[in-house]
Amino acid sequence: MAELNPVLGKELRQRFRFWQSAIILFLYLTVVGVFTLGFIYLQWQYAGVVFQPWRSMEIFVFLSITQLLLLAFVTPGLTAGTISGEREKQTLNVLLTTHLTPGGIIVSKMLAACSFTLLLIIASLPLYAMIFLYGGIAPGQVLGVFGYYLVTMYLFAAVGMFCSTWFRRTGASTVTAYGLIFALGGGTGILAAFIYQLNRMSDQWTGQESVNFCVQFLQNINPLLVLIRIMGENAVMGVERVMFLPYWGVYTAFCLVVGTGLLLLSSRLLNPLK
């Protein structure tokens with residue numbers, strides 16, 4: 001594929017041949033590993049003599065949430081400067097004169113950035129081996145978490161690509177991308193909690209616990225709440241009813257639809273004829 005797309009080939013070589021990529025990979029694994037080992041040490045100090053095997057679920061939750069936070073930090077940082085960086089270097093006009101379509105340029109830049117992020121996720125697999133040493137975690141849960149990381153990475157990368165296309169400066173693009181992701185992760189949770197509290201006050205007058213589909217939808221698109229539920233923890237506010245898709249299906253469809261829409265809009269913004 002790199003031979004068919006020169007932009008993708010150039011981005012992949014530039015991404016993986018420089019020493020900065022190795023430094024980022026080392027720091028990523030160091031941060032995740034240190035946090036996980038530190039959590040195990042604190043649990044061992046709390047338990048006394050030995051580490052309790054049933055606490056492996058706590059390690060799994062802690063490791064997965066830590067990796068989600070790092071994923072939300074790394075992915076926009078890699079994609080938010082792709083197009084705006086070309087514009088700042090005054091090479092974007094030259095790139096647009098090639099035979100590649102604007103959509104091909106967007107997809108190539110995004111694939112190159114996501115390939116490195118995917119490498120970070122795969123490289124963290126050995127860290128999950130510490131969890132299997134103590135048992136208590138099903139392999140299906142780990143596969144579900146990594147599938148969740150893939151669709152989340154797609155959405156975060158699409159947000160970064162859209163901001164990079166919309167803004168002319170990399171600084172403004174990066175800040176906006178982080179702001180949108182924070183609004184998705186924190187804003188939807190806060191809004192869901194606020195609507196849920198209003199709904200509870202209304203239910204106190206009627207004496208019934210109703211189903212608020214707005215709260216349910218906000219919970220189903222919140223990355224942190226969805227991750228907690230995939231790991232088997234309860235993170236549901238109020239009564240939940242499954243309509244057409246389960247919570248993970250709603251989140252997957254949301255990431256794919258919104259991410260694809262942002263990429264299509266980015267392609268249109270990049271097209272000089274539009």
Side-chain angles (χ1 to χ4, degrees), residues 57 60-80 107 110-111 113-114 117-118 120-122 124-125 128 137-163 176-196 199 211-266:
M57 174 57 75
F60 179 58
V61 173
F62 180 81
L63 177 60
S64 299
I65 293 178
T66 302
Q67 189 149 308
L68 172 62
L69 296 177
L70 291 176
L71 188 67
F73 178 77
V74 172
T75 306
L78 294 176
T79 57
V107 172
M110 179 176 169
L111 287 178
C114 288
T117 309
L118 183 62
L120 297 178
I121 297 177
I122 295 176
S124 64
L125 275 174
Y128 284 86
I137 303 297
Q141 289 179 292
V142 178
L143 293 178
V145 169
F146 274 85
Y148 159 84
Y149 285 149
L150 292 179
V151 295
T152 304
M153 178 184 65
Y154 177 76
L155 177 61
F156 288 173
V159 170
M161 293 301 303
F162 172 75
C163 293
T176 305
Y178 283 130
L180 291 175
I181 291 175
F182 175 77
L184 177 63
T188 54
I190 295 174
L191 183 59
F194 178 74
I195 299 176
Y196 173 68
N199 195 43
V211 179
N212 194 309
F213 293 101
C214 181
V215 175
Q216 182 175 339
F217 177 75
L218 290 173
Q219 292 180 100
N220 291 340
I221 64 173
N222 185 280
L224 182 58
L225 295 179
V226 172
L227 176 61
I228 293 175
R229 296 177 67 182
I230 291 176
M231 293 183 293
E233 301 294 326
N234 185 18
V236 180
M237 291 179 286
V239 180
E240 183 181 32
R241 300 285 177 83
V242 177
M243 297 299 294
F244 301 103
L245 294 174
Y247 71 93
W248 56 267
V250 174
Y251 181 76
T252 301
F254 174 79
C255 291
L256 295 179
V257 171
V258 174
T260 304
L262 290 176
L263 292 180
L264 292 176
L265 185 57
S266 300

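What's counted below: heavy atoms across the whole structure, side chains too, no hydrogens, waters or symmetry copies.
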Q: To the nearest 0.5 Å, tell me how far T152 OG1 sits from Q67 CD.
A: 11.5 Å

Q: Enter the distance from C255:SG to F156:CZ here, rounded to the nearest 0.5 Å.
A: 7.5 Å

Q: Could you pull out the closest heavy-atom pair between Y149 and L63, with the gap in Å?
A: OH-O, 4.5 Å

Q: Go through the steps for I228 and V61 under the test side-chain contact (heavy atoms from CB on, under 4.5 Å), then give the verdict.
A: CA-CA 7 Å; I228 293 175; V61 173; 5.6 Å; no

Q: If I compare all heavy atoms of T75 with all of A157, which pair ends up nearest, and what's the gap?
A: CG2-N, 3.6 Å

Q: Rounded to the nearest 0.5 Å, how far apart are CD of Q216 and CD1 of I195?
A: 12.5 Å

Q: Let me confirm one number: the OG1-CG distance from T252 to N220, rounded to the nearest 0.5 Å.
A: 10.5 Å

Q: Check the angle between the aromatic planes of F73 and Y178 and answer parallel, tilted or perpendicular using the 30° and 60° thresholds.
A: parallel

Q: Identify the two heavy atoms, one from G160 and one from A177, that lie closest to each other, and give their separation to 0.1 Å.
A: CA-CB, 4.2 Å

Q: Nearest 0.5 Å please: distance from the OH atom of Y154 over to the OG1 atom of T117.
A: 14.5 Å

Q: Step by step, work out the side-chain contact (heavy atoms from CB on, under 4.5 Å) result for L184 and F254.
A: CA-CA 12 Å; L184 177 63; F254 174 79; 4.0 Å; yes

Q: In sequence, state the C-alpha distance, the side-chain angles, and the governing distance for L263 and M161, and then conclude on side-chain contact (heavy atoms from CB on, under 4.5 Å).
A: CA-CA 7 Å; L263 292 180; M161 293 301 303; 4.2 Å; yes

Q: Which atom names give the shortest non-hydrogen contact between G259 and A158, and what distance separates them?
A: O-CB, 3.5 Å

Q: Start with the C-alpha gap between L150 and F146, add the side-chain angles, then the distance that decides, and say whether side-chain contact (heavy atoms from CB on, under 4.5 Å) holds.
A: CA-CA 6 Å; L150 292 179; F146 274 85; 5.9 Å; no

Q: Hey, does the side chain of Y247 reach the backbone of R229 with a donor-acceptor pair shorter than 3.5 angstrom?
A: yes

Q: Atom CG in L71, atom CD1 in I181: separation rounded to 0.5 Å?
A: 8.5 Å

Q: Locate the shortest heavy-atom distance separating Q219 from A192; write the atom from each residue and the value.
A: CG-CB, 4.4 Å

Q: To check you understand the geometry: which heavy-atom pair defines the closest contact between Y148 and P223, and what is its length?
A: OH-O, 2.6 Å

